[in-house]
S.K.: 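Here it is: the structure, laid out below.
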Amino acid sequence: MKQHTFGSEYGFQTRAVHTGNDIDLDTGAIKRPITMANSYALPYDPTDMNWSSAEGNLYTRNGGSNQKYLQEKIASLEGGEDCIVLASGVAALSGLFFALLQQGDHVIFSSVTYIAVYRLLNELLNNKFGVETTIVDTSDPQNVRKAIRPNTKLIHIETPGNPTLSISDIHAIAEIAHENGALLSVDNTFASPFNQRPIELGADFSIESLTKYINGHGDAMGGSITGPKNYLDMIRAQSQVNLGATISPFNAWLIMRGSVTLPLRMRQHNENALAVAKWLEAQDCVSFVAYPGLESNKGHEIAKKQMNPGFGGVMSFGLKADHDTHNQFVSHLKVITSAVSLGHDESLIVFLGENDERQYLYPDEFSNGFFRFSVGIEDAEDIIADLQQALKKTGLL
Ligand SMILES: *Cc1c(COP(=O)(O)O)cnc(C)c1O
């Protein structure tokens, strides 16, 4: 008889396949269906119902079946008690910040983060709602310790960080947070729970843009917050029901399906990216390669401690060339696609130029323009050959 739940006694791959799925009782289908309904039948006397409740089936903004199945799986893969899935990674980040923070609270966050985190914490929540914020280089935990204030409520880090791949020590920063009565949230998107599980390393919350590796196929958006049930109940009530960034049942279903192959894809991303990073590093025309899997990388030792079995598929690199030559190089690529996003099956590259407003927060080598490169699961030889022929056509090789 097929069992219904797959706990932590099962391996990561078994849970990626089975958790959250079950036999559909109506039809006997061995895959749960997509429930494309926004409302559920009310009881005989509905007047006592809590219209803002996130429990039970009422209205899809309060919670629907496909999102619940996906939550079950993500919580299991992250090794967390509870999980909420929302419409995008940014919905998860803003939902967490909105529910946890209030006027007068202090937040410390990494100097290298997804741009929306910088906007939310450095421009919106502080200026509009009086949340105090400090940006620190969290690659040195001592910088975090020095920035602590009596009202520090939350430390938010991203490791590897977008776009410099900067590494922060999750365990060390969790200790600093907890010694000082603060919470630690980690944006785990670049690593995915296959390579890194922040909660097991001591963090309170792990955030994912499901849009990236967990869905993996570039065809849906979603985000998740995994953490302790008491906080998740609060986030669900405040941020899901009242901010309304609900994931659609169809997107939750797509991500549920994509996530089945997360372990297989991640192994290939890890292997391909390491090969590509080593190849790039050996080229004279390449000014730098930032990838935590390279021994030359500043964060390599910490990355080895907290990322296992690999370092993910994303890297940044620069060319010893002027602005337009970078664009010319991209125009010659045939396998690799020029587009934002990352963690897709296909390789994606984006030229980030030299005018990022946060350039002052990045290491010097990033100041002449650079690429963020998300290495896909194509054959590594084809990815390398594509880079090589484009460098030749550009006159750099
Ligand atoms: C893409 C990304 C996000 C935002 O996710 P969306 O699904 O695009 O909203 C957050 N953090 C990191 C590190 C990302 O790469």
Side-chain angles (χ1 to χ4, degrees), residues 67 70 74 78 83-98 109-122 124 138-139 156-168 170 185-196 198 203 205-226 239-240 243-248 250-252 254-255 258-259 262 266 269 273 290-292 299 303 307 311-316 339-344 347-350 352 356 358 361-362 370-376:
Q67 69 209 62
L70 182 58
I74 305 293
E78 297 262 22
C83 172
I84 177 170
V85 298
L86 292 162
S88 66
V90 168
L93 289 160
S94 57
L96 178 82
F97 299 154
F98 177 82
F109 70 103
S110 307
S111 51
V112 179
T113 62
Y114 193 70
I115 185 74
V117 169
Y118 179 79
R119 292 265 177 274
L120 280 163
L121 294 174
N122 196 51
L124 298 174
T138 57
S139 67
H156 177 79
I157 64 173
E158 198 173 298
T159 182
N162 187 357
T164 69
L165 281 290
S166 155
I167 298 292
S168 300
I170 298 172
S185 59
V186 178
D187 187 327
N188 197 46
T189 301
F190 270 37
S192 92
F194 179 72
N195 284 324
Q196 177 172 278
F205 302 100
S206 179
I207 313 293
E208 306 280 351
S209 166
L210 303 172
T211 313
K212 313 293 172 52
Y213 286 112
I214 293 179
N215 179 53
H217 295 73
D219 50 14
M221 300 196 88
S224 63
I225 310 167
T226 304
S239 299
Q240 174 169 294
L243 289 181
T246 313
I247 193 167
S248 81
F250 185 56
N251 280 351
L254 277 173
I255 296 166
S259 63
L262 176 70
M266 286 319 297
H269 284 295
Y291 181 64
M307 300 180 82
F311 305 94
V314 188
M315 66 190 66
S316 289
V340 295
S341 199
L342 53 99
H344 295 194
S347 294
L348 299 174
I349 196 162
V350 51
L352 288 166
D356 190 313
R358 295 181 297 167
L361 297 166
Y362 301 158
F370 64 97
F371 297 109
R372 189 186 63 203
F373 185 20
S374 172
V375 177

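As the structure lists them, so they are numbered: ligands from 1, and atoms in each ligand from 1. Note: hydrogens, waters and symmetry copies are ignored here, and every other heavy atom, side chains too, is used.
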S.K.: Does Ser259 reach the main-chain N or O of Ile214 with its side chain, forming a donor-acceptor pair under 3.5 Å?
M.R.: no
S.K.: Measure from the side-chain N and O atoms of Thr189 to the backbone N and O of Ser209, and report whether any donor-acceptor pair falls under 3.5 Å.
M.R.: yes
S.K.: Distance alone, cut at 3.5 Å: any donor-acceptor contact between the side chains of Ser168 and Thr159?
M.R.: no
S.K.: For His156, run the ring-ring contact (aromatic ring centres under 6.0 Å, His included) check against Phe97, Phe109, Tyr114 and tell me which one passes.
M.R.: Phe97
S.K.: Ligand 1: which residues have a non-hydrogen atom closer than 4.0 Å?
M.R.: Ser88, Gly89, Val90, Leu93, Tyr114, Glu158, Asn162, Asp187, Thr189, Phe190, Ser209, Thr211, Lys212, Met221, Gly222, Leu342
S.K.: Would you name the heavy atoms of Ser111 and Tyr362 that are closest together and state the gap between them?
M.R.: O-CE2, 4.5 Å
S.K.: Rounded to the nearest 0.5 Å, what's the gap from NZ on Lys212 to CE on Met221? Could you check?
M.R.: 7.0 Å
